[in-house]
Amino acid sequence: MLTGTTTSAEDPRLVLTAQFASTPRGARLARRMSVRRLEEWGYPPASDTSCAVALVVGELTANAVQHGRVMGHDFRLRLDLDEASALVRIEVSDAATAKRPPSAPPSSYPEGESGRGLLLVDVLAARWGWTPRHPMGKTVWAEVST
């Protein structure tokens with residue numbers, strides 16, 4: 001469930017920050033809100049940019065729910081459209097400090113139904129990575145070309 005949204009004071013139209021419950025429903029809501037905001041920014045839901053951002057947001061928020069969930073803590077989504085560099089920066093922050101993503105996606109496809117999310121992020125994003133978040137947790141980010 002969405003717990004709050006804010007926008008940038010400089011240009012509220014180009015930044016979205018929201019917190020969601022660390023549940024599968026929260027991840028779905030984050031993805032839907034991203035698509036709606038991209039449409040407001042001029043990228044229709046069927047555009048390549050919107051589809052790529054929706055997939056990356058879906059993967060990063062699903063990972064935050066599955067691997068970064070800490071009871072009593074939500075995850076945070078931030079989208080930032082930088083028109084000058086033609087990038088949408090996606091940041092997903094969770095409270096799990098001990099569980100960190102790998103520095104690169106797996107080199108081969110696992111046989112199971114899961115485990116391909118970071119491969120998808122790696123293909124769709126111009127670049128991606130993660131940073132520690134203080135006092136606890138981490139932020140996984142990706143930049144998608146518009």
Side-chain angles (χ1 to χ4, degrees), residues 1-41 43 49-146:
M1 179 169 282
L2 176 66
T3 58
T5 62
T6 59
T7 55
S8 168
E10 302 87 42
D11 191 346
R13 192 180 73 83
L14 303 179
V15 176
L16 165 71
T17 303
Q19 279 192 235
F20 298 88
S22 193
T23 63
R25 183 172 185 262
R28 284 191 308 274
L29 289 172
R31 181 177 168 151
R32 288 179 182 166
M33 180 177 273
S34 299
V35 171
R36 281 195 301 269
R37 182 55 57 101
L38 283 164
E39 187 171 24
E40 292 172 10
W41 291 344
Y43 300 95
T49 297
S50 183
C51 290
V53 169
L55 285 169
V56 170
V57 167
E59 291 300 332
L60 296 184
T61 58
N63 285 348
V65 169
Q66 184 175 6
H67 305 292
R69 183 176 186 186
V70 173
M71 291 299 286
H73 294 275
D74 297 336
F75 71 85
R76 182 180 63 98
L77 169 70
R78 178 182 168 92
L79 294 181
D80 189 348
L81 174 62
D82 184 346
E83 293 176 315
S85 63
L87 291 172
V88 176
R89 183 173 173 97
I90 302 153
E91 297 178 355
V92 177
S93 302
D94 64 50
T97 302
K99 291 189 175 182
R100 297 180 176 173
S103 59
S107 60
S108 63
Y109 291 93
E111 296 299 320
E113 290 184 19
S114 65
R116 296 180 187 92
L118 289 179
L119 287 171
L120 182 63
V121 171
D122 193 52
V123 168
L124 294 171
R127 62 189 195 120
W128 66 277
W130 70 276
T131 57
R133 184 174 167 221
H134 300 287
M136 64 188 277
K138 66 187 165 303
T139 298
V140 181
W141 57 268
E143 294 176 343
V144 175
S145 298
T146 60

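Quick note: numbers below take in every heavy atom, side chains included, and nothing from hydrogens, waters or symmetry partners. Index from 1, following the sequence.
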- Item | Shortest non-hydrogen separation from M33 to A18 and the atoms involved | SD-CB, 4.0 Å
- Query: Who passes side chain to side chain donor-acceptor pair (under 3.5 Å) against S145, sequence neighbours left out?
  - Reply: none
- Note on the structure: Distance col, row D80:CG vs L16:CG, nearest 0.5 angstrom, shows 10.0 Å
- Query: Rounded to the nearest 0.5 Å, what separation is found between the CD atom of E39 and the OG atom of S34?
  - Reply: 13.0 Å
- Only counting residues at least two apart or in another chain, list the ones meeting side chain to side chain contact (heavy atoms under 4.5 Å, CB included) with S93. R76, R133, T139
- Does a side-chain N-to-carboxylate-O contact under 4.0 Å join E40 and R37? yes
- Message: Can a donor-acceptor pair be found, under 3.5 Å and without considering hydrogens, that links the side chain of T17 to the backbone of R78?
- Response: no
- Note on the structure: The side chain to side chain donor-acceptor pair (under 3.5 Å) partners of E143 (sequence neighbours excluded) come to R89, R127
- Closest heavy-atom pair, K138 versus A96, reported as atoms and distance to 0.1 Å, is NZ-O, 3.0 Å
- Message: Is there a side-chain contact between L118 and W128 in this structure, where contact means two heavy atoms from C-beta onward sitting under 4.5 Å apart?
- Response: yes
- Nearest-0.5 Å distance, OG1 of residue T61 to CD1 of residue I90: 10.0 Å
- Task: Just jot down the side chain to side chain contact (heavy atoms under 4.5 Å, CB included) partners of A64, sequence neighbours excluded, or say none.
- Result: F75, V92, D94
- Message: I'd like to check W130 versus V140 (side-chain heavy atoms, cut-off strictly below 4.5 Å). Are they in contact?
- Response: yes
- Message: I'd like to know whether Y43 forms a side-chain contact (heavy atoms from CB on, under 4.5 Å) with V53, so could you lay out the CA-CA distance, the side-chain angles of the two residues, the decisive distance to 0.1 Å, and finally the verdict.
- Response: CA-CA 10 Å; Y43 300 95; V53 169; over 6 Å; no
- Message: For R28, give me all partners under side chain to side chain contact (heavy atoms under 4.5 Å, CB included), at least two apart in sequence or on another chain.
- Response: P24, R25
- Shortest non-hydrogen separation from D74 to A21 and the atoms involved: OD1-CA, 3.6 Å
- Any V88 side-chain heavy atom under 4.5 Å of V56 side chain: no
- Shortest non-hydrogen contact from A142 toward V121: CB-CG1, 4.2 Å
- Among all residues two or more places apart in sequence or in another chain, which pass the side chain to side chain contact (heavy atoms under 4.5 Å, CB included) test with V35? P45, S50, A54
